[in-house]
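Below is one structure, written out as structure tokens, with a few remarks after it.
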Amino acid sequence: MTKKLLFVCLGNICRSPAAENIMNHLVEKQGLGDRYICDSAGTGGWHVGALPDRRMRAAAKERGLDFVGSARQFQAMDLREFDLILAMDKDNYRNIIALDPQGKFTDKVKMICDYCETYTDKEVPDPYYGGADGFNYVIDLLFDACGGLLKSFPKN
Ligand code: 4NP
């Protein structure tokens, strides 16, 4: 059975597309491409249709990765559609949960940093208003978190 994963941040141009692309990279590397569907969304709609932020794409490029995607806004239907929804920070988490007033899908919504194996961060810091270092930090942190996430799934 294919598992559907949705990564969520605020704008869907920095953190969550990075998580989506990194997860796809790890899944492909392990030959598990047919087992997972990864997507990302933002709780805000300002950047709908946009590519990942050019600074994030540049940081990825330095590691030989091409970050692709087109921003979209998170919608209540996503709670039904996806098996696991991974919030980058607590605000994202609150905004996702707010679209599920009956709490039917609470168990599907997790903080991505809960899967970190090395980093102790509780949230993925928003790099949008900072310097280039922030983008590199987010990529390193998300490699750790996505690696842990992949290990958390049953092998067969
Ligand atoms: P993201 O970063 O949530 O990681 O995509 C942001 C992108 C855009 C804005 C804020 C955060 N913004 O305010 O436009």
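As the structure lists them, so they are numbered: ligands from 1, and atoms in each ligand from 1.
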Which pairs of donor and acceptor atoms, one on a side chain in residues 10-20, lie under 3.5 Å apart (sequence neighbours left out)?
residue, atom, partner, partner atom, Å
Asn12, OD1, Arg72, N, 2.9
Asn12, ND2, Ser16, OG, 2.9
Asn12, ND2, Ser40, OG, 2.9
Arg15, NH1, Asp89, OD2, 2.9
Arg15, NH1, Val124, O, 3.1
Ser16, OG, Ala41, O, 3.4
Glu20, OE1, Ser40, N, 3.4
Glu20, OE1, Ser40, OG, 2.7

Less than 3.5 Å apart, N/O on ligand 1 and N/O on the protein: could you list those pairs with the distances?
residue, atom, partner, partner atom, Å
ligand 1, 2 (O), Asp126, OD1, 3.3
ligand 1, 3 (O), Leu10, N, 2.9
ligand 1, 3 (O), Gly11, N, 2.8
ligand 1, 3 (O), Arg15, NH2, 2.9
ligand 1, 4 (O), Arg15, N, 2.9
ligand 1, 4 (O), Arg15, NE, 2.8
ligand 1, 5 (O), Gly11, N, 3.4
ligand 1, 5 (O), Asn12, N, 3.3
ligand 1, 5 (O), Ile13, N, 3.0
ligand 1, 5 (O), Cys14, N, 2.9
ligand 1, 13 (O), Tyr129, OH, 3.2
ligand 1, 14 (O), His47, NE2, 2.7

Open item on the list: Given 3.5 Å as the limit, does a donor-acceptor pair link the side chain of Lys90 with the main chain of Ala87, or not?
Closed with: no
Task: cation_pi(Lys4, Phe82) dist<6.0 Å, angle<=45 - done: yes
Open item on the list: Is any side-chain heavy atom of Thr106 closer than 4.5 Å to one of Ile97?
Closed with: yes
Task: Nearest-0.5 Å distance, CG of residue Asp39 to CG of residue Leu5 - done: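 One finds 10.0 Å between CG of Asp39 and CG of Leu5.
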Task: Short side-chain donor-acceptor distance under 3.5 Å, Asp121 and Tyr137 - done: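 Per modelled atom types, Tyr137 and Asp121 side chains form a pair under 3.5 Å.
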